[in-house]
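Reviewing the structure listed below.
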Number of protein chains: 2
Amino acid sequence: MIEDTYSMKINEYLPLRDIVFQTLRKAILTGELEPGERLMEIQLGEKLGVSRTPIREAIRKLELEGLVIMVPRKGAQVAQFTEKDIQDVLEVRAALEALAAKIACKRMDDRAFLKLQLAITEYEYAAREKDVETMIEKDVEFHETIFNATQNDKLIQLFNNLREQVHRYRIAYLKNVGESELVHTEHLELLDALKQRNEELAEDIAAKHIQTQCVSIMRFIKNKAVITEEE
Amino acid sequence: MIEDTYSMKINEYLPLRDIVFQTLRKAILTGELEPGERLMEIQLGEKLGVSRTPIREAIRKLELEGLVIMVPRKGAQVAQFTEKDIQDVLEVRAALEALAAKIACKRMDDRAFLKLQLAITEYEYAAREKDVETMIEKDVEFHETIFNATQNDKLIQLFNNLREQVHRYRIAYLKNVGESELVHTEHLELLDALKQRNEELAEDIAAKHIQTQCVSIMRFIKNKAVITEEE
DNA sequence: AATGCATTTGATGTATACAAAATCCATTTA
DNA sequence: TAAATGGATTTTGTATACATCAAATGCATT
């Protein structure tokens, strides 16, 4: 009873700054706020119905996360994300996915395996209906399950950070049927390696999987660049 | 001339929040602010001679970095860092060091090799005089040189973050002569592997090097726990 | 003496006020 | 006509004021 009240309160209570933080973050990641766009405190405050204080505190967090950059005496603007930034992030993420796969090999139990299998299957269903939103969701679920299995909180934290950094570029590239099937295949392979408890193989597949993504995203960006230039 | 003025201004101008951020961060990492200690805004503001606003914004960043945790309606307190946290961080760092070593293998030039050699030598000199401060400095320099050689900004950023997370626990364990010699030896081995451009070997040594550190720090903490209990 | 309730204190969360800097636009001058 | 200058406007950086909540204190009652 006491725990119930307590946990309720935790979920219930959210400072405005955290709501603003999540709101702005989502807006940046979905592209609603475009790279280079200025984040003006009063304007955002009016839009969200809060004062400058929570806005500023949210911006401080976004700043540390690298989603916005501060120009002295000019305020915040949405960070530009170059191709190199994406490659850098994915290079690191590949290493972390490999690490996660290695650790998960030791620690995953049947329940976790079933979770992975479910995510894979639901991904497949979504892919058939070209429901990209759900596909991404299930893809995230697949990787999240592996990271959670490591029980390494720092690793999980970094994964969440890196994942979101490239999120905006993943939204669209899965629309390509070829890519989406490749993702499916690689997920199956990884699950298999994990079940075999073959650490080296799992590491290898996990890293390669991200490298594949990197190539896909790069291709996607290059195409998009051409498209948006026409607009 | 214009560039000069400009760059001067960049270095010259620092918002109070950033000064406060760096100050508090250092205080936490050096242990001046102890784990569990509350960070009260008014009190800190009086101490540092600023108002609550910059204090709060600094705390938001420390919060995202994981150095302080927020208790709803109770404010910030210095994060407790358990043994598991250290192990988690070092497990991740080992993977990142391995990645850095692999990439550095491809990219390091003679100048970088000389920098490493210099750091190693200066470390050795400092070790002879039991100048722990300089030893740590040179150790950091060694690893930093490798990470910088990767030219992967995200990797460098994460390294800086992880490095600082365990900094407070490294201050003392190098005092042990045996540990300090082991560090020296492993640095030499890594430099050798890098010069050979042997990626697999370099990865391996780099990861093992951090694992060694992890074991040392754990041993150090266990000893310290006994000591501080007596106090 | 212990418990329960009211008051008070003090801290956080949020909003607003003020100052300095940067930007923009119009006017002026060469 | 183009460049420069000066003031108005806007925005950030910082400080302070107000509201809300939590815990502590103290007093009264049992």
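Protein chains get the first letters and strands the later ones, always in sequence-line order, with residue 1 at the start of each.
Remark: Arg52(B), Arg56(B) in residues 50-62 of chain B come within less than 4.0 Å of DNA chain C through at least one heavy atom.
In this structure, the CZ atom of Arg38(A) is 13 Å from the P atom of dA22(C), given to the nearest Å. The CE atom of Met40(A) sits 14 Å away from the C1' atom of dA22(C) (whole-angstrom rounding). Note: CD (Gln77(A)) to P (dT11(D)) measures 14 Å, nearest angstrom. One can place CG of Leu39(A) at 9 Å from P of dT12(D), the figure rounded to the nearest angstrom. With rounding to whole Å, Leu44(A) atom CG is found 11 Å from dT11(D) atom P. Summarising the geometry, the separation between CZ on Arg73(B) and P on dA24(D) is reported as 17 Å, rounded to the nearest angstrom. Here the P atom of nucleotide dT14(C) and the CG atom of Leu48(A) are 13 Å apart, to the nearest Å. The distance from atom CD1 of Ile42(A) to atom C1' of dG13(D) is 12 Å, rounded to the nearest whole Å.
Remark: side-chain polar atoms of Asn160(B) are paired, donor with acceptor, to backbone N or O of Ile156(B) under 3.5 angstrom. Side-chain N or O atoms of Asp139(B) include none that pairs as donor or acceptor with a backbone N or O of Ile136(B) at under 3.5 Å. Checked by atom type and distance alone, the side chain of Arg60(A) never pairs as donor or acceptor with a backbone atom of Arg56(B) at under 3.5 Å. Listed for the Arg107(B) side chain is no donor-acceptor partner under 3.5 Å among the backbone atoms of Ala149(B). Looking only at distances, a side-chain donor or acceptor of Asp85(A) sits under 3.5 Å from a matching main-chain atom of Thr82(A). Formation of a donor-acceptor pair under 3.5 Å by the Asn152(A) side chain with backbone atoms of Asp88(B) is found in this model.
When each of dT12(D), dT12(C), dA22(C) is scored by its nearest atom to the side-chain atoms of Glu41(A), the top-ranked nucleotide is dT12(D). Of the listed nucleotides (dA15(D), dA22(D), dT11(D)), dA15(D) has the atom at the smallest distance from the side chain of Leu16(B). With dT12(D), dT20(D), dT23(C) as the candidates, the nucleotide lying closest to the side chain of Lys74(A) is dT23(C).
Judged as a ring pair (Phe, Tyr, Trp, His ring centres under 6.0 Å), and not counting sequence neighbours, Phe81(A) has no contacts.
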